[in-house]
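Here's the structure we're looking at; comments come further down.
Start at 1 with the first residue, then count along the sequence. Quick caveat, the model's predicted, so the values are computed rather than measured.
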Amino acid sequence: MEDRYLFKAKFDDSDRWVKGQLVEVNDTYFIIPNHAIKILAGWFSTSNIVEVKKDTICRCTGLRDKNGKLIWENDVVDFLGHRGIVKFECGSFGIAYEKHIDWDEIQANIMPLTGCENTLYACENDNYISLWEIYWNFNDEDDSLSTVEVIGNIFDNPELLEV
C-alpha cells in the first residue's frame, strides 16, 4: 500500500502511535493497521481496529526526509536551518513557519546544494512553502527531500518549537 494513503494517530488510552487506514464512525475515529486487513473471497475482517484520539490524526505526505524517514502532517522539520511544522494548506503539504520565510536565502541555497542555476519557483507565501516546491527547486528524486529533516512532532516534542 502506498505511503501517501497512510494515517497515524495516538491510541485513546496510550501515547503510542498506530498507523494504517482511517475510518470514522459517528464522530469516533479508528485506524485499521495495514496488517489487520484481510481480504478473503470478497469480504474483509478487521482483527485489530484501534480507536484513536481525533486531535492526533496525521496524514502521511508520501515523501521521505533526507534520512529516509516518512514525513507526516504535524511533524516538526528542519529546512535550511529553520524549524517549521508540516501542514496541509493551499492544496498541498508544506512547512508552516511562525516567522516570514526569507525567499532570498532559499534562492541562495539552490546552487550550492544542487549544482544547478535554478531560479526559485514558488508562490512565495509569507510563512508557508509546499513540500513540492522544495522537491522541484532542489532537484529531488525518488519521493525524497534532501534538504528536509524530521526532528520530531508537535505531540511528542512540543519543546522543539520553543524559541
Side-chain angles (χ1 to χ4, degrees), residues 1-99 101 122-123 125-138 140-163:
M1 190 164 295
E2 292 192 48
D3 295 331
R4 67 176 175 246
Y5 299 113
L6 285 177
F7 289 83
K8 74 175 183 177
K10 292 196 174 225
F11 293 57
D12 271 342
D13 60 351
S14 170
D15 281 335
R16 293 179 299 158
W17 292 93
V18 61
K19 298 175 186 174
Q21 303 308 302
L22 183 67
V23 177
E24 185 260 330
V25 178
N26 298 326
D27 204 35
T28 301
Y29 291 83
F30 303 91
I31 287 188
I32 304 169
N34 289 340
H35 67 273
I37 298 175
K38 299 174 185 170
I39 299 181
L40 299 169
W43 64 276
F44 72 94
S45 66
T46 56
S47 59
N48 294 319
I49 192 166
V50 179
E51 185 174 348
V52 295
K53 296 178 184 179
K54 179 180 176 180
D55 62 339
T56 66
I57 296 170
C58 304
R59 291 175 286 181
C60 185
T61 66
L63 297 169
R64 295 181 180 274
D65 76 353
K66 69 182 191 177
N67 300 313
K69 187 174 182 179
L70 279 173
I71 302 172
W72 296 84
E73 186 175 25
N74 296 311
D75 274 348
V76 177
V77 297
D78 179 273
F79 171 58
L80 301 176
H82 302 282
R83 289 181 183 174
I85 302 171
V86 175
K87 294 290 179 188
F88 188 84
E89 294 182 16
C90 305
S92 69
F93 287 103
I95 305 171
Y97 294 95
E98 184 78 22
K99 297 181 179 181
I101 294 172
C123 64
N125 190 337
D126 288 340
N127 62 348
Y128 182 84
I129 184 169
S130 80
L131 296 180
W132 289 108
E133 289 171 330
I134 295 169
Y135 186 87
W136 174 264
N137 285 291
F138 288 90
D140 289 316
E141 297 178 354
D142 300 325
D143 295 335
S144 179
L145 300 173
S146 62
T147 55
V148 175
E149 181 176 21
V150 174
I151 57 175
N153 65 65
I154 64 171
F155 306 106
D156 297 330
N157 316 100
E159 72 281 359
L160 292 174
L161 296 174
E162 295 174 4
V163 177

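- Using a 4.5 Å heavy-atom cutoff, the side chains of Asp140 and Leu63 are not in contact.
- The structure places CZ of Arg64 at 8.5 Å from OG of Ser144, a figure rounded to the nearest 0.5 Å.
- Side chains of Val18 and Pro33 form a contact here, defined as non-hydrogen atoms less than 4.5 Å apart.
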Pair Asp27, Lys54 - check side chain to side chain contact (heavy atoms under 4.5 Å, CB included), show working. CA-CA 9 Å; Asp27 204 35; Lys54 179 180 176 180; 3.3 Å; yes
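- In terms of modelled atom types and a separation under 3.5 Å, the side chain of Asp65 and the main chain of Asn67 share a donor-acceptor contact.
- At distances below 3.5 Å, at least one donor-acceptor pair connects side-chain atoms of Glu73 with backbone N or O atoms of Arg59.
- In terms of modelled atom types and a separation under 3.5 Å, the side chain of Asn127 and the main chain of Lys99 share no donor-acceptor contact.
- Of all heavy-atom pairs between Arg16 and Phe11, the closest is O-CD1, 3.0 Å.
- Side-chain atoms of Phe93 and Cys60, non-hydrogen and from C-beta on, never get closer than 4.5 Å to each other.
- Considering only residues two or more places apart in sequence or on other chains, Asp142 meets the side-chain contact (heavy atoms from CB on, under 4.5 Å) condition with none of them.
- Every side-chain contact (heavy atoms from CB on, under 4.5 Å) that Thr28 has, sequence neighbours left out, goes to Phe30, Glu51.
- With sequence neighbours left out, the ring pair (Phe, Tyr, Trp, His ring centres under 6.0 Å) criterion links Phe155 to Trp17.
- A salt bridge is defined here as a Lys NZ or Arg NE, NH1 or NH2 lying under 4.0 Å from an Asp or Glu carboxylate O, and Lys10 with Asp156 meets this definition.
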Could you walk me through whether Val150 and Trp72 pass side chain to side chain contact (heavy atoms under 4.5 Å, CB included), step by step? CA-CA 9 Å; Val150 174; Trp72 296 84; over 6 Å; no
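- Leu22 is listed as a side-chain neighbour of Ile31, based on a closest heavy-atom distance under 4.5 Å.
- One distance of note links OH of Tyr128 with SG of Cys123; it measures 8.5 Å at 0.5 Å rounding.
- Contact check for Phe79 versus Leu145: no side-chain heavy atoms found under the 4.5 Å cut-off.
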When you look at Phe88 and Thr61, which way does the side chain to side chain contact (heavy atoms under 4.5 Å, CB included) test go after all the steps? CA-CA 9 Å; Phe88 188 84; Thr61 66; over 6 Å; no
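- Considering only heavy atoms from C-beta on, Val148 comes within 4.5 Å of Ile71 through its side chain.
- Asn74 places no side-chain N or O within donor-acceptor distance of the main-chain N or O of Ile154, the cut-off being under 3.5 Å.
- Note that NZ of Lys87 is 10.5 Å distant from CG of Asp75, once rounded to the nearest 0.5 Å.
- From Asn157, atom CG reaches atom CD1 of Ile151 across 8.0 Å, with rounding to the nearest 0.5 Å.
- Closest approach of Ser146 and Lys66 over heavy atoms only: O-CB, 3.5 Å.
- Distance check, rounded to the nearest 0.5 Å: CZ of Arg83 to CD1 of Ile95 gives 13.0 Å.
- Residue Asn125 holds its CG atom at 7.5 Å from CD of Glu89, rounded to the nearest 0.5 Å.
- Counting heavy atoms from C-beta on, the side chains of Glu159 and Leu161 never come closer than 4.5 Å.
- Under the 3.5 Å distance criterion, the side-chain polar atoms of Tyr29 are left unmatched by any main-chain donor or acceptor of Ile57.
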